[in-house]
Amino acid sequence: MTVIQNLKLVIQNSIESGRSVFHARASAVLALISIGMFLSPARAHAQRENLVPNGSFERTVTFRDLFDGVDEKNRVMVFPTEGGDEVYREGLYPDRPLFACSPCFADVNGDGLNDLVVASPSGWLFIYYNKGKKGSPRFPEGGQFVKTWLGRVPRIQVVDFDGDGRKDILFGTKDGQVYLLPQSNHPGPDGFISAPGKPRFCWPNQLQPGYDLKPLRAGNEILSVGNYSAPFYGNFRTEIKPDLLLGEGQYSANAVRIYLNSGSATHPKFGEIQNKDWFYLAFGDGREQLTPTLYDWNGDGKLDLLYGDYDGRINLCLNKRTKDSRLDVIEPLEFTRCITSAGRESFGRLSAFFPCDWNEDGIPDLLIGTTSGLVQIALGQGSRSDPKLGATNNVMSENTRKDRKAPSGWDYDFVFADYSNSCFIPESASAEEEPDLVLPPNSPGDNKRALKFQYLLDYPGYTKAPKFLGGGFIEGGRSLRTKLGTVTRGKTYELSFWYRGNSMKIGVEVEMTEKFPPRENRPDIPYPFNETMTATPAWKKYSKKIKIPGIKDNKLSSAPLRFYFVGTGAAYLDDIRFVELGP
């Protein structure tokens, strides 16, 4: 009789003899111990605990593929943020709120129909081309991805800033500055980039050649309001020459500024002297995170000021200027009231909005961007001189990208792009979902999945080389990471995995840190390990023995495992293991 058969008999006899399930399990454990005595050394080694959670990528979660800007219910929806952007509120306490997506409604391609443009708070931009008719917009093709990045929390306006007849993207970012993404004569979303797949923007302190979109200037200084700027370019004083409005995103003393255009409609120019070149158009009166727009709300022919705030209110300041008002001096507008929708005064904390005539009935409507990533529309009712907004409804489109399966237990920043931006999804792929997938040689029967990493939409973006802890470099670096189970000082471990791919480099890093009790008052000691390899079409096995230094039997409290991916092709990983070999 085999050991396995003996184990089954032990369990069966335990149950039939009336013993409890607990005793049956205890007997089974004893039998398992007996099995271990008969295992060969090789089999015993194979059963050692793998400290990499889900290293075979068999366990999955659903990843909502929003790179078409539409969710599985055909609602317009872009990637939301994850609360990683810090805001200081009055009283100097920090907050990490969710920011809303920023929508706009304007004719991007010059066909006479207004298109929907939405900026994700994570920095992505989508254009939904209108295929309907005047007064009845339709967006059946989903969102077209613009292959550039706009920084964190962009607030956009679609406007012909340089007077060449083509709509541009004016945007402010978390860094408080204002940028212009001009549209060239190339058709479609590629009209906003300088070359296929080549972005135009990266953070000012990380500028790289080719990605140096210049911020607007006020005189000799970069135009900035500290953080979270919200620009709007429009004709407040005169129909001939637009001026620049700028909402401040600081705290307590927030205001809406107006920078007078001392240039022309085709070559705007702004100065830096307060009360000469720029003025306060409205005081926030304690409101924070102000986002201004101009729109004739009451139908008197003058553009009024509307601005959003931190608490989701949309504040209205009616324009009281007359034909005798001086053009070179601006008096602050007084707060009139809050805009409401079906009796609701707040549209959701940090919501973004754009006033427009969505259905072209002459009564103002309101386009709303939400912190969930959804875009909604509130249609105007009442009269032109006294508009009232109905309830908000989701803007619909067509979902063109299927959701994916991503590995559970692994973390990745798929939209946070301070050091590197790109479209990618780390996918847990199977042969059923990808018929050409071949698993590593001699894979066990329960191995049905592997990690697939590939940049989407032909957009690898720009990459800034991150440093490994040991000082090595890998050019680029979108990463996939997890945290190892507890490892012990003085022990030897083996790190192994299978990899393959094309036009892709893979970096692996184990960030080991020895920590000491507070009473010892000793700094943490890092023990870095990193290597880089180039993927080839055939599967290769990587294996490395790692001796854990440090004080013997002192357990490691922090040991993230990371994989970096760089290139334009695809890479696969499978069966990642980190096991103890002994002293």
Q. Taking C-beta and beyond as the side chain, do Leu451 and Pro426 meet within less than 4.5 Å on heavy atoms?
A.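 Counting from C-beta outward, Leu451 and Pro426 do come under 4.5 Å.
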Q: Any chance you could lay out the side-chain contact (heavy atoms from CB on, under 4.5 Å) test for Val146 and Val117, step after step, and finish with the verdict?
A: CA-CA 10 Å; Val146 177; Val117 183; over 6 Å; no
Q.
Please identify which of these residues, Arg404, Lys452, Lys405, meets the salt bridge (charged side-chain N to carboxylate O under 4.0 Å, His left out) condition with Glu434.
A.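 Looking at Arg404, Lys452, Lys405, the match for Glu434 under the salt bridge (charged side-chain N to carboxylate O under 4.0 Å, His left out) is Lys452.
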Q) Quick one: CG on Asn319 to CZ on Arg237, what's the gap to the nearest 0.5 Å? A)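 Between atom CG of Asn319 and atom CZ of Arg237 there are 12.5 Å.
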Q. Do the ring centers of Tyr129 and Phe139 come within less than 6.0 Å of each other?
A.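 Not under 6.0 Å, so no.
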Q: Could you tell me whether a side-chain N or O of Ser122 sits under 3.5 Å from a main-chain N or O of Thr81, the two making a donor and an acceptor?
A: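 Looks like no, no N/O pair under 3.5 Å.
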Q.
Tell me if the NZ atom of Lys320 is crowded by more than 12 foreign heavy atoms within 6.0 Å.
A.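 No, the 6.0 Å shell around NZ holds no more than 12 heavy atoms from other groups.
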Q) Ring centroid separation for Phe79 and Phe67, is it under 6.0 angstrom? A)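 Ring centres of Phe67 and Phe79 closer than 6.0 Å.
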Q. With side chains defined as the heavy atoms from C-beta onward, is the minimum distance between Leu379 and Trp358 less than 4.5 Å?
A.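 Result yes, sub-4.5 Å side-chain heavy-atom pair found.
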Q.
Can you confirm whether Val70 sits close enough to Thr400 that some side-chain heavy atom of one is under 4.5 Å from a side-chain heavy atom of the other?
A.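 SC-SC contact between Val70 and Thr400 ruled out.
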Q) If only atom types and distance count, is the side chain of Thr291 paired as donor or acceptor with the main-chain N or O of Gly308 below 3.5 Å? A)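 Here the side-chain-to-backbone pair exists.
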Q. Who pairs with Gln157 by side-chain hydrogen bond (donor to acceptor under 3.5 Å, both in side chains), at least two apart in sequence or on another chain?
A.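 With sequence neighbours excluded, Gln157 shows a side-chain hydrogen bond (donor to acceptor under 3.5 Å, both in side chains) to no residue whatsoever.
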Q. Mind checking whether Asp107 and Asp115 have side chains closer than 4.5 Å, heavy atoms only?
A.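 Heavy-atom side-chain distance check passes, below 4.5 Å.
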Q | Ser184 side chain vs Gly191 backbone, donor-acceptor pair below 3.5 Å | A |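 Such a contact is found between Ser184 side chain and Gly191 backbone.
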Q: Would you mind checking if Lys302 and Asp304 are paired as a salt bridge, meaning a charged N to carboxylate O distance below 4.0 Å?
A: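 Result for this pair is no, no salt bridge flagged.
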Q. Is there a donor-acceptor pair closer than 3.5 Å between any side-chain N or O of Asp309 and the backbone N or O of Gln289?
A.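 Side chain of Asp309 to backbone of Gln289, a donor-acceptor pair under 3.5 Å: no, none is there.
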**Q.** Shortest non-hydrogen contact from Leu389 toward Pro364
**A.**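 Minimum heavy-atom separation between Leu389 and Pro364: CD2-O, 3.8 Å.
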Q | CG-CD distance between Leu213 and Gln177, expressed to the nearest 0.5 angstrom | A |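 One finds 11.0 Å between CG of Leu213 and CD of Gln177.
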Q: Output yes when Asp311 and Arg313 qualify as a salt bridge under the 4.0 Å nitrogen-oxygen rule, no when they do not.
A: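 Counted as a salt bridge, because a side-chain N and a carboxylate O are separated by less than 4.0 Å.
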Q | Separation of Ser397 OG from Asn74 CG (nearest 0.5 Å) | A |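 So the CG of Asn74 and the OG of Ser397 are separated by 7.5 Å.
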Q. After noting the C-alpha distance and the side-chain angles of Lys241 and Asp243, does the key distance pass the salt bridge (charged side-chain N to carboxylate O under 4.0 Å, His left out) rule?
A. CA-CA 7 Å; Lys241 192 165 54 175; Asp243 300 311; over 6 Å; no
(Q) Please determine whether the number of non-hydrogen atoms from other residues, nucleotides or ligands lying under 6.0 Å from atom CD of Glu334 exceeds 12. (A)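 Result for CD/Glu334: open.
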Q.
Donor-acceptor pair, distance only, cut-off 3.5 Å: does the side chain of Ser341 make one with the backbone of Gly390?
A.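 Here the side-chain-to-backbone pair exists.
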**Q.** Donor-acceptor contact below 3.5 Å, side chain Asp277 vs main chain Glu272
**A.**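 Yes; judged by distance alone, with no hydrogens or angles, the pair exists.
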Q.
Strictly by ring-ring contact (aromatic ring centres under 6.0 Å, His included), give each pair with a member in residues 287-322 just once, sequence neighbours left out.
A.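 Every candidate ring-ring contact (aromatic ring centres under 6.0 Å, His included) pair involving residues 287-322 fails, so no pair, neighbours aside, qualifies.
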Q) Considering residues at least two apart in sequence or located in another chain, which fulfil the side-chain hydrogen bond (donor to acceptor under 3.5 Å, both in side chains) criterion with Thr293? A)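 Applying side-chain hydrogen bond (donor to acceptor under 3.5 Å, both in side chains) to Thr293 gives none.
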Q.
A quick test of your reading: do over 12 heavy atoms of other residues, nucleotides or ligands sit less than 6.0 Å from CD of Glu331?
A.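 Not more than 12 within 6.0 Å, no.
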Q | Ring centers of Tyr459, Phe145 separated by less than 6.0 Å | A |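 Centroid separation for Tyr459 and Phe145: below 6.0 Å.
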Q: May I have the step-by-step check of side-chain contact (heavy atoms from CB on, under 4.5 Å) for Val395 and Leu367, ending in yes or no?
A: CA-CA 9 Å; Val395 178; Leu367 194 60; 4.2 Å; yes
Q: Take Leu260 and Ile330 through the test side-chain contact (heavy atoms from CB on, under 4.5 Å) and record every step on the way to the result.
A: CA-CA 9 Å; Leu260 306 186; Ile330 301 294; 4.0 Å; yes
Q) Which of these, Glu427, Glu433, Glu432, sits in a side-chain hydrogen bond (donor to acceptor under 3.5 Å, both in side chains) with Ser430? A)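 Looking at Glu427, Glu433, Glu432, the match for Ser430 under the side-chain hydrogen bond (donor to acceptor under 3.5 Å, both in side chains) is Glu433.
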Q) Does Ser264 offer a backbone N or O that forms a donor-acceptor pair with the side chain of Asn261 under 3.5 Å? A)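 Yes; at least one donor-acceptor contact below 3.5 Å.
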Q | Spatial distance of atom CG (Leu244) from atom CD1 (Ile258) [nearest 0.5 Å] | A |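 Rounded to the nearest 0.5 Å, the CG-CD1 separation comes to 8.5 Å.
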Q: May I ask you to test the Thr148-Leu150 pair for a side-chain heavy-atom distance under 4.5 Å?
A: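 With C-beta onward as the side chain, the pair touches.
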Q: Taking the side chain as every heavy atom from C-beta outward, state whether Asp95 and Arg349 have any pair of such atoms under 4.5 Å apart.
A: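 In contact.
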Q. Between Arg384 and Asp296, is the closest basic N to carboxylate O distance under 4.0 Å?
A.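 Arg384 and Asp296: salt-bridged.
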Q: Would you mind telling me which of Asp71, Asp65, Asp68 makes a salt bridge (charged side-chain N to carboxylate O under 4.0 Å, His left out) with Arg401?
A: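 Only one option passes, and that is Asp65.
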Q: Measure the SG-CZ distance between Cys317 and Phe283 for me, rounded to the nearest 0.5 Å.
A: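 It is 11.5 Å, given to the nearest 0.5 Å.
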Q) Between Phe99 and Tyr228, is the ring centre distance below 6.0 Å? A)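 Yes; Tyr228 has its ring centre under 6.0 Å from that of Phe99.
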Q) Judged by modelled atom types alone, do Gln183 and Asp168 share a side-chain donor-acceptor pair under 3.5 Å? A)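 Asp168 and Gln183 do not have a side-chain donor-acceptor pair below 3.5 Å.
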Q) Would Trp278 and Phe270 count as a close aromatic pair, with their ring centres under 6.0 Å? A)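 Ring centres of Phe270 and Trp278 not closer than 6.0 Å.
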Q.
Any heavy-atom pair between the side chains of Phe354 and Phe232 that's under 4.5 Å?
A.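 Contact flag for Phe232/Phe354 side chains = yes.
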**Q.** Straight-line distance of Leu318 CG to Asn298 CG, nearest 0.5 Å
**A.**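 Leu318 CG to Asn298 CG: 5.0 Å, rounded to 0.5 Å.
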Q: Return yes when atom CG of Leu327 has more than 12 non-hydrogen atoms of other residues, nucleotides or ligands closer than 6.0 Å, and no otherwise.
A: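 Buried by this count: over 12 neighbours within 6.0 Å.
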Q | Main-chain N/O of Gly69 paired to Tyr128 side chain as donor or acceptor, under 3.5 Å | A |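 Pair found, side chain donor or acceptor close to backbone of Gly69.
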Q.
Does any part of the side chain of Phe236, heavy atoms only, come nearer than 4.5 Å to the side chain of Leu333, both counted from C-beta?
A.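 Yes; the side chains approach each other to less than 4.5 Å.
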**Q.** side-chain contact (heavy atoms from CB on, under 4.5 Å) between Glu248 and Leu290, intermediate numbers included
**A.** CA-CA 6 Å; Glu248 296 180 342; Leu290 306 187; 5.8 Å; no
